[in-house]
Student: 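Before I ask anything, here is the structure I am working with.
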Amino acid sequence: MTEDSARTVCLVKAFETAAQPGNSWSRADSALAGDRAAQEVGANASDETFIRRRAELAWETITSRQPNLARLKTDSNWHEWLGWVLVGSALVSGVLVDQVGPDNLINLTSLPLFGLLLWNMAVYALLLAEATGRLFGRPAAAPGPLRRAVAAVVGRFRGTAADEANASFRTAYWSDWSRVSFPLSKAYVSRLLHLAAAAFAAGIIVSLYYRGFFNEYVAGWKSTFVPAAARVVEWYVTAVIGAIPSLFGMPPPAPDELAALDLAQHPAGVGAAPWIHRIALTLGLLVVLPRLLLAGWAWLAQKRLQRRFPVDLREAYYQRLLRRFRGTVAKVVVVPYAYHITPQVVLGLNGIVQALFNSDARLEILDPIPIGQEDNPPDAISSPDLAARFVVFSLTATPEDEAHGVLLRTLQAGTRQGPRVVGIVDESAFLKRFGNHGERLDERRALWSRFFAAASLDHAFCDLTRADAAQAFAGLGFATDS
């Protein structure tokens with residue numbers, strides 16, 4: 001779907017899942033939107049087509065009742081003028097960076113020029129390493145501090161809630177949209193940063209030519225460490241500043257020209273004009289042109305994502321809507337690990353499934369996985385058409401990477417299609433044995449929480465023998481019919 005359609009889908013999702021005041025949205029409204037969409041698109045329509053059309057019909061109903069929400073569809077989580085301000089500031093900064101020292105001297109080893117080249121080479125190396133990693137299946141790296149800072153500044157310009165009644169909905173929408181649109185935001189911010197880097201280098205080039213046109217400059221270098229520095233400077237000037245211009249017909253610096261750059265031996269220096277040309281060509285070919293190409297690539301990625309926006313329809317909210325559209329029931333699989341399921345726990349698990357999905361949901365409890373069989377889980381938990389996958393542990397057990405960790409990694413590797421695996425830590429046996437000792441209970445929960453965090457696995461702590469156990473799953477993204 002397109003970015004515009006995905007925005008509508010996320011708006012409706014946030015409105016339906018966030019707490020709504022009064023009768024602004026009911027279960028009947030949700031069912032009516034789904035039935036109308038199913039009638040319009042037909043039984044053979046794709047999942048994406050149904051979800052998109054249902055969201056459009058639901059949003060029409062929502063905005064007819066609350067017209068003040070309509071502008072949210074056109075609000076962006078970035079503003080183009082902020083990008084141009086960033087690029088313009090980079091250009092001005094490049095112009096203001098003074099490459100000229102006292103006595104109208106252009107120091108060929110000055111930090112702004114050398115640092116700019118070194119920084120860009122490092123960026124290219126990181127981008128190449130990231131691209132190579134993706135070819136070998138390595139997950140994409142998290143955004144760096146600079147990208148996060150730009151995204152944070154842009155994010156501060158989002159619209160705010162007009163009243164408290166809509167605050168939770170807007171918060172839920174922006175939170176979900178920020179997560180869903182991360183690839184698009186990444187491409188947008190990357191384009192800005194590449195353009196800013198190109199503008200900064202272009203500003204330095206403009207500054208050198210402007211100053212050199214109205215003033216007479218000389219070029220050279222100085223160093224405290226001679227003659228060791230002379231060899232380094234000779235390599236730098238020849239291999240870096242002199243290599244690129246030689247591709248355009250400028251002869252590389254001759255040995256006598258290099259010797260004349262040493263201001264300790266030749267205080268007068270040499271004319272700066274050829275060196276300004278060399279610096280401009282070097283920056284243009286090593287910084288400006290590659291950065292513009294990378295910005296163009298990011299722009300193409302941005303446009304591609306805007307036309308084919310990635311929305312994960314495997315999420316529980318969409319799966320609930322699709323089950324109603326397809327006329328199927330939710331199937332949930334539970335597998336215990338080294339844990340005996342009692343009849344009371346079965347009732348508790350059944351209540352959780354009905355609360356998270358609906359009364360027609362089908363629960364299947366698999367045989368417990370014994371210790372030593374962690375790398376051989378049952379095939380039923382890998383079925384892609386499940387509504388949820390739960391693995392049950394006992395709070396009385398101590399999580400171990402050689403046992404519990406192997407099981408979780410095996411399950412995650414074998415369940416890449418369909419819903420994610422969610423851990424359930426049953427507290428019933430612990431509470432029965434030790435009672436409700438707050439400090440001891442908190443310590444045990446903290447131990448398991450650290451274990452799940454290391455495995456990047458969602459989890460819930462609950463007493464599966466209690467009727468209200470489903471409340472522990474409130475923050476895990478299960479969208480119920482209510």
Side-chain angles (χ1 to χ4, degrees), residues 1-18 20 24-78 158-159 166 169-170 172-188 301-330 357-358 384-385 387 417-420 477-481:
M1 63 183 71
T2 64
E3 179 191 3
D4 184 67
S5 298
R7 190 183 294 274
T8 305
V9 168
C10 288
L11 282 166
V12 174
K13 176 186 176 184
F15 195 85
E16 289 190 298
T17 55
Q20 297 301 328
S24 58
W25 193 256
S26 65
R27 187 178 299 182
D29 293 323
S30 176
L32 179 61
D35 293 343
R36 288 180 57 194
Q39 184 177 7
E40 289 188 17
V41 302
N44 296 324
S46 65
D47 294 348
E48 182 179 295
T49 300
F50 168 74
I51 292 295
R52 175 183 55 79
R53 185 54 185 155
R54 181 191 177 279
E56 292 171 350
L57 295 173
W59 189 241
E60 289 177 4
T61 303
I62 292 170
T63 52
S64 67
R65 298 174 181 176
Q66 300 187 47
N68 62 307
L69 299 181
R71 69 179 184 87
L72 279 175
K73 189 175 179 180
T74 58
D75 281 352
S76 176
N77 58 337
W78 56 64
R158 294 172 178 168
N166 292 321
F169 153 60
R170 294 175 186 245
Y173 164 64
W174 282 118
S175 176
D176 187 47
W177 180 250
S178 297
R179 177 184 58 84
V180 171
S181 64
F182 171 74
L184 183 60
S185 300
K186 180 181 178 181
Y188 173 75
Q302 181 182 341
K303 293 302 179 183
R304 183 173 64 253
L305 288 170
Q306 287 174 338
R307 293 191 301 269
R308 298 184 59 84
F309 198 91
V311 175
D312 189 0
L313 299 184
R314 297 173 300 175
E315 295 181 18
Y317 168 80
Y318 303 115
Q319 287 298 308
R320 179 180 63 83
L321 299 178
L322 290 172
R323 282 193 297 271
R324 179 180 174 85
F325 173 54
R326 300 298 182 192
T328 58
V329 298
F357 301 98
N358 52 54
D385 60 346
Q417 293 184 340
R420 67 193 186 280
F478 290 98
T480 68
D481 281 336

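These values consider heavy atoms only, across backbone and side chains, with no hydrogens, waters or symmetry-generated copies.
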Student: Can you name the closest pair of heavy atoms from P310 and V180 and give their distance?
Tutor: O-CG1, 3.7 Å
Student: When you measure from the side chain of S175 to the backbone of A172, do you find a donor-acceptor pair of N or O atoms at a distance under 3.5 Å?
Tutor: no
Student: For the pair T8 (side chain) and D4 (backbone), establish whether a donor and an acceptor sit closer than 3.5 Å, ignoring hydrogens and angles.
Tutor: yes
Student: Has the side chain of S5 got a donor or acceptor atom that lies under 3.5 Å from a matching backbone atom of M1?
Tutor: no
Student: Minimum heavy-atom separation for C10 to D176, with atom names?
Tutor: SG-OD2, 3.7 Å
Student: Looking only at heavy atoms, what is the nearest atom pair of R170 and N68, with distance?
Tutor: NH2-ND2, 3.9 Å
Student: Within the 3.5 Å criterion, strictly below it, is a donor on S30 or E16 matched to an acceptor on the partner's side chain?
Tutor: yes
Student: Calculate, to the nearest 0.5 Å, the distance between atoms CD and OG1 belonging to Q319 and T328 respectively.
Tutor: 8.5 Å
Student: Nearest 0.5 Å please: distance from the CG atom of L313 over to the CZ atom of R52.
Tutor: 12.0 Å
Student: With sequence neighbours left out, write down each residue that passes side chain to side chain donor-acceptor pair (under 3.5 Å) with R53, or none if nothing qualifies.
Tutor: E40, E56
Student: Would you say L184 and Q306 make side-chain contact, with heavy atoms under 4.5 Å?
Tutor: yes
Student: Working note: V12 + R54, criterion side chain to side chain contact (heavy atoms under 4.5 Å, CB included); need CA distance, chi angles, decisive distance, verdict.
Tutor: CA-CA 9 Å; V12 174; R54 181 191 177 279; 4.0 Å; yes
Student: Show the numbers, then the answer: is there a side chain to side chain contact (heavy atoms under 4.5 Å, CB included) between D35 and R324?
Tutor: CA-CA 9 Å; D35 293 343; R324 179 180 174 85; 3.3 Å; yes
Student: In terms of relative ring orientation, are W177 and F309 parallel, tilted or perpendicular, with 30° and 60° separating the classes?
Tutor: parallel
Student: Using side-chain contact (heavy atoms from CB on, under 4.5 Å) as the criterion, list what pairs up with A38, not counting sequence neighbours.
Tutor: F50, F325
Student: Within a 6.0 Å radius of atom CZ on R308, are there more than 12 heavy atoms belonging to other residues, nucleotides or ligands?
Tutor: no
Student: K13 vs Y173, test: side chain to side chain contact (heavy atoms under 4.5 Å, CB included). Steps then yes/no.
Tutor: CA-CA 8 Å; K13 176 186 176 184; Y173 164 64; over 6 Å; no
Student: Taking only Lys NZ, Arg NE, NH1 and NH2, and the carboxylate oxygens of Asp or Glu, determine whether R307 and E3 approach each other closer than 4.0 Å.
Tutor: no
Student: Run the side chain to side chain contact (heavy atoms under 4.5 Å, CB included) check on Q66 and T61 step by step: do they pass?
Tutor: CA-CA 9 Å; Q66 300 187 47; T61 303; over 6 Å; no
Student: With a 4.5 Å heavy-atom cut-off, do L69 and W59 have their side chains touching?
Tutor: yes
Student: Looking only at non-hydrogen atoms, find the nearest pair between L57 and A33 and report the distance.
Tutor: CD1-O, 4.2 Å
Student: Is any side-chain heavy atom of Y318 closer than 4.5 Å to a side-chain heavy atom of D47?
Tutor: no
Student: Do F169 and L11 have side chains that get closer than 4.5 Å, going by heavy atoms?
Tutor: yes
Student: Identify the heavy atoms of R326 and A43 that sit nearest to each other, and give their distance.
Tutor: NH1-O, 2.9 Å
